[in-house]
Amino acid sequence: VHKLRHAYLTYYGLDQQNTYVLKEGVVKTSIILRDGREFNISYLKAPDIISLLRDEVSQYTSAPFNVRIESETAVFYKIPRVTFWEYVNEDKKLQDYINAYYREQLSQAIYRQQLMTMNGKTGAVCAFLYLQIEPFGKKMKDGILIDFQITNDDIAGFCGISTRNSVNRILRGLRENGIIFIADQKILIKDKEYLEQYDGIKQFMTNITEKAKEEGYVETLFHRRRYIPELKSKNYMVRQFGMRAAMNTPIQGTAADIMK
């Protein structure tokens, strides 16, 4: 199956009878929430078994799983589902690959979203750009090129920012400060170390708990609040419970929001 940039492999969900394998190109996966907003899951590059991520997502929500082409072209294998699993059952290495790679895909996507949004809008965009380096970065003379076009709308969708105008302002600031360069919607990262400061599990958890102590609540990606008065308790054990709740709620609560 051959598709051109910004065409959809599917917009209403992949059919159940076949398994789709990305042979060439880059795609964006997402679901449409009940209120009409798009929840971006991840960019994927070839080779990747698209249908397995769909199966993982379907455990959390019945919303259609969308696949949009982001490279100039993309090529997919379309394999009957029964035949595909016959191949898997006969190959131990393929079984191990599938289990290891896809078991946590959706929860990792939620974590990445929360990591970005806990840093504020500018930090969210910086974290998003940094997270594209490992899977898509191409070393160039002047920096690291993210070698496919990324729209401001997509950056907004991944970072939990409501408008692309906010993304425009943030990217303009990063350009003026020599952090990035943009040409034809392709982003050249010139200062990787600057972006790197917005990544990291320890800082993510610290930001969550400190913000919860100040404001008395934490939020899911979709801004549903959970108040945690335990953080101000004089009892050490109660405070520790509050800290665990503060760290778990953004990720687990976001998963619950998607399922609703």
Side-chain angles (χ1 to χ4, degrees), residues 2-9 21-30 38 40-50 53 67-77 97 101 105 108-109 111-161 163-204:
H2 294 255
K3 294 285 185 178
L4 298 177
R5 182 173 183 265
H6 280 187
Y8 281 87
L9 175 64
V21 179
L22 178 62
K23 179 188 177 186
E24 299 174 10
V26 176
V27 301
K28 184 188 78 170
T29 59
S30 66
E38 184 176 24
N40 291 333
I41 299 173
S42 64
Y43 286 121
L44 300 175
K45 68 176 182 178
D48 210 300
I49 308 172
I50 305 298
L53 180 53
V67 180
R68 192 181 77 175
I69 285 69
E70 300 300 325
S71 49
E72 291 302 317
T73 61
V75 180
F76 303 84
Y77 290 121
Y97 172 81
Y101 189 76
Q105 274 282 2
Q108 288 175 6
Y111 165 75
R112 289 194 301 269
Q113 294 269 357
Q114 285 298 139
L115 173 62
M116 291 186 289
T117 55
M118 287 302 298
N119 282 315
K121 290 182 179 179
T122 299
V125 173
C126 289
F128 169 79
L129 295 176
Y130 180 77
L131 290 169
Q132 307 316 306
I133 292 175
E134 182 176 352
F136 302 109
K138 181 179 180 181
K139 289 186 178 181
M140 308 293 287
K141 180 180 178 181
D142 298 325
I144 301 172
L145 178 68
I146 307 303
D147 198 19
F148 66 96
Q149 294 180 326
I150 302 176
T151 68
N152 289 357
D153 283 330
D154 284 337
I155 294 175
F158 273 105
C159 297
I161 299 174
T163 67
R164 66 178 178 181
N165 289 334
S166 296
V167 175
N168 288 340
R169 288 193 295 270
I170 294 167
L171 294 179
R172 183 167 60 247
L174 293 175
R175 287 199 306 269
E176 292 173 352
N177 288 302
I179 310 301
I180 64 172
F181 177 79
I182 301 176
D184 193 27
Q185 293 183 324
K186 291 187 177 182
I187 299 173
L188 178 71
I189 296 173
K190 304 180 71 174
D191 190 344
K192 175 184 174 182
E193 286 70 27
Y194 179 86
L195 301 179
E196 189 174 8
Q197 67 182 306
Y198 293 96
D199 185 47
I201 294 175
K202 183 177 180 180
Q203 187 61 47
F204 170 64

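In this text, all values refer to a predicted model and were calculated from it rather than measured experimentally.
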Query - D48/K23 ion pair, N-O < 4.0 Å - result: no
Query raised in the report: Is K190 paired with D142 through a side-chain N to carboxylate O contact shorter than 4.0 Å?
Result: no
Query raised in the report: If you count the non-hydrogen atoms of other residues, nucleotides and ligands that lie under 6.0 Å from CZ in R5, is the total more than 12?
Result: yes
In Å and rounded to the nearest 0.5 Å, what is the [atom1] to [atom2] distance from [X] to [Y]?
X	Y	atom1	atom2	result
K192	I179	NZ	CD1	14.5 Å
L171	T122	CG	OG1	9.5 Å
I155	Q185	CD1	CD	9.0 Å
E196	L131	CD	CG	11.0 Å
N40	T29	CG	OG1	8.0 Å

[Y] and [X], any side-chain heavy atoms less than 4.5 Å apart:
X	Y	value
H2	T73	no
L188	I144	no
I69	F76	yes
L22	P47	no
L195	I189	yes
V26	K45	yes
Y43	I150	yes
F181	R175	no

Minimum heavy-atom distance between [X] and [Y], given as atom pair plus value:
X	Y	result
I146	G137	CD1-CA, 4.2 Å
K186	D147	NZ-OD1, 3.2 Å
S71	G25	OG-CA, 3.3 Å

Query - Verdict with reasoning, K28 to F158, per side-chain contact (heavy atoms from CB on, under 4.5 Å) - result: CA-CA 10 Å; K28 184 188 78 170; F158 273 105; 3.9 Å; yes
**Report entry** Heavy-atom donor-acceptor pair, Q197 side chain to E193 backbone, under 3.5 Å
**Finding:** no
Query raised in the report: Looking only at atom types and distance, does a side-chain atom of E176 sit under 3.5 Å from a main-chain N or O of G173, one as donor and one as acceptor?
Result: no
Query raised in the report: Could you go step by step and tell me if E70 and H6 meet the side-chain contact (heavy atoms from CB on, under 4.5 Å) rule?
Result: CA-CA 6 Å; E70 300 300 325; H6 280 187; 3.5 Å; yes
Query raised in the report: So L4 and E72, side-chain contact (heavy atoms from CB on, under 4.5 Å) or not? Walk me through it.
Result: CA-CA 6 Å; L4 298 177; E72 291 302 317; over 6 Å; no
Report task. Report the C-alpha separation of L174 and Y194 in whole Å, then their side-chain angles, then the decisive distance to 0.1 Å, and conclude whether the side-chain contact (heavy atoms from CB on, under 4.5 Å) test is met. Result -> CA-CA 10 Å; L174 293 175; Y194 179 86; 3.9 Å; yes
